[in-house]
*Asks:* 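Here it is, the structure in full.
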Amino acid sequence: MSARDRLIVGLDIPTIAEAEAMVVTLGDAVSFYKIGHQLAFIGGLELARDLAKDGKKVFLDMKLLDIDNTVAKGVEAIAGMGMTMLTLHAYPKAMRAAVEGAKGSDLCLLGVTVLTSMDAGDLTEAGYAHTPQELVRIRATQAREAGMGGVVCSAEESAIVRGIVGPDMAIVTPGIRPKGAEAGDQKRVVTPYDALKAGSTHLVVARPIVKAAEPKQAAQAILEEMQQALQPANGA
């Protein structure tokens, strides 16, 4: 995959009109978009369908978690929308149900291990007796065993996860910040270059691009940094 195939721009934007304008602004520089809760509940699902029809790839970041039948039927419906990736929380029963619901489709199911906005203190508060790294290990193993297409984790854990899931599963990394960018509400952040070097296959970038004065230039700068990380492999 090229850098362009690996960069997922998060459309974390307050209105559909602004999201559509951002897609136009980014043009051919970007081919892959993430739509999450902010847009989904104000018409973002229709935008997701439209992007897919226009030949764009869409990562639907819904972080599903429910009873087995509900998850399976929801995943089946989402697969029919032409989405490329879909997230659910990496609970074993939910992942097994999702895999069943996605059968026969090209939908890549991603298990969310530990949110990049959470650290050890947050997990303790939530009742977990594990460090972020320990919980990521557990959930990555469970995702592999469930037959998922990949996992979502911080690039800080990408190398560990790659050793667990093997060479074929996707590792999608949010919390990406170019050098000098503010972390915002993310607590475990990594640069695009370091994330790819650590084993991530796809990088999710939102604010550093969509909030930039020149979004297309910001995207191109990130793509250049990603390409630098990929170059040794390409030249091997």
*Asks:* Can you tell me how far the CE atom of Met226 sits from the CG atom of Leu203, to the nearest 0.5 Å?
*Replies:* 4.0 Å
*Asks:* Where is the tightest heavy-atom contact between Arg49 and Met83, given as atom of each residue plus distance?
*Replies:*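 Shortest heavy-atom contact: N-CE, 4.2 Å.
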*Asks:* Would you please name every residue forming a salt bridge (Lys or Arg N to Asp or Glu O under 4.0 Å) with Glu145, sequence neighbours left out?
*Replies:* none
*Asks:* Measure across Ile164 and Arg144 and return the closest heavy-atom pair with its distance rounded to 0.1 Å.
*Replies:*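 What the structure gives for the nearest pair is O-NH1, 2.8 Å.
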*Asks:* Counting C-beta onward and ignoring hydrogens, is there a side-chain heavy-atom pair between Leu115 and Lys63 closer than 4.5 Å?
*Replies:* yes
*Asks:* Would a hydrophobic clustering, with Ile, Leu, Val, Met, Phe, Trp and Tyr connected at side-chain separations under 4.5 Å, put Leu65 with Ile138?
*Replies:* no
*Asks:* Among residues at least two apart in sequence or on other chains, which ones pass ring-ring contact (aromatic ring centres under 6.0 Å, His included) with His130?
*Replies:*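 Here no residue qualifies.
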*Asks:* With a 4.5 Å cut-off on side-chain heavy atoms, are Leu88 and Met148 touching?
*Replies:* yes
*Asks:* Taking Glu225 for its side chain and Tyr193 for its backbone only, find out whether a donor-acceptor pair lies under 3.5 Å.
*Replies:* yes
*Asks:* CD1 of Ile209 to CD of Gln217: how many Å apart, nearest 0.5 Å?
*Replies:* 12.5 Å
*Asks:* To the nearest 0.5 Å, tell me how far Ile176 CD1 sits from Arg207 CZ.
*Replies:* 13.0 Å
*Asks:* Indicate the atoms forming the closest heavy-atom contact of Ala206 with Gly10, along with that distance.
*Replies:* CB-O, 3.5 Å
*Asks:* Pair Val204, Asp61 - check side-chain contact (heavy atoms from CB on, under 4.5 Å), show working.
*Replies:* CA-CA 11 Å; Val204 181; Asp61 189 18; over 6 Å; no
*Asks:* Using the rule that Ile, Leu, Val, Met, Phe, Trp and Tyr join whenever any side-chain heavy atoms are under 4.5 Å apart, tell me whether Met81 and Val58 fall into a single cluster.
*Replies:*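 Yes; tracing contacts between hydrophobic side chains, which count when under 4.5 Å, links both residues.
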*Asks:* Nearest 0.5 Å please: distance from the CD atom of Gln227 over to the CD atom of Glu224.
*Replies:* 9.5 Å
*Asks:* How far apart are the closest heavy atoms of Val75 and Ala98, and which atoms are they?
*Replies:* CG1-O, 3.5 Å
*Asks:* Could you walk me through whether Ile222 and Leu7 pass the side-chain contact (heavy atoms from CB on, under 4.5 Å) check?
*Replies:* CA-CA 9 Å; Ile222 290 172; Leu7 175 62; 4.2 Å; yes
*Asks:* Sorted by first residue and then second, give each side-chain hydrogen bond (donor to acceptor under 3.5 Å, both in side chains) pair with at least one member in residues 19-43; sequence neighbours left out.
*Replies:* Asp12-Lys34
*Asks:* May I have all residue pairs that pass side-chain hydrogen bond (donor to acceptor under 3.5 Å, both in side chains) and include part of residues 161-175, sequence neighbours excluded?
*Replies:*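 For residues 161-175: Thr173-Ser200.
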*Asks:* To the closest 0.5 Å, what do you measure between CG (Leu110) and CG (Leu86)?
*Replies:*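 Reported value, rounded in 0.5 Å steps: 7.5 Å.
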*Asks:* Is it true that a side-chain atom of Asp54 and a backbone atom of Lys56 form a donor plus acceptor pair closer than 3.5 Å?
*Replies:* no
*Asks:* For residues Ile16 and Glu46, determine if any side-chain heavy atom of one lies less than 4.5 Å from a side-chain heavy atom of the other.
*Replies:* no
*Asks:* Can you spot which of Leu109, Val152, Leu60 makes a side-chain contact (heavy atoms from CB on, under 4.5 Å) with Thr87?
*Replies:* Val152
*Asks:* Does some side-chain heavy atom of Ser154 sit less than 4.5 Å from a side-chain heavy atom of Val114?
*Replies:*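 No, their side chains stay 4.5 Å or more apart.
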*Asks:* Could you note down all residue pairs passing salt bridge (charged side-chain N to carboxylate O under 4.0 Å, His left out) where residues 125-143 supplies at least one of them, sequence neighbours left out?
*Replies:*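 Residue pairs with at least one partner in residues 125-143: there are none.
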*Asks:* Would you mind reporting whether Arg6 and Leu230 have side-chain heavy atoms less than 4.5 Å apart?
*Replies:* yes
*Asks:* Would you compute the distance between atom CG of Leu39 and atom CG of Leu11 and round it to the nearest 0.5 angstrom?
*Replies:* 6.0 Å
*Asks:* Write down the atom of Ser117, the atom of Asp122, and the distance for their closest heavy-atom approach.
*Replies:*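 Heavy atoms only, the tightest pair is O-OD2, 3.6 Å.
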*Asks:* Report, as yes or no, whether the 6.0 Å neighbourhood of atom CG on Asp106 holds more than 12 heavy atoms from other residues, nucleotides or ligands.
*Replies:*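 No.
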*Asks:* With sequence neighbours left out, write down each residue that passes side-chain hydrogen bond (donor to acceptor under 3.5 Å, both in side chains) with Arg4, or none if nothing qualifies.
*Replies:*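 Residues passing side-chain hydrogen bond (donor to acceptor under 3.5 Å, both in side chains) with Arg4: none at all.
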*Asks:* Return the minimal non-hydrogen interatomic distance between Asp5 and Phe32, and the atom names on each side.
*Replies:* O-CD1, 3.6 Å
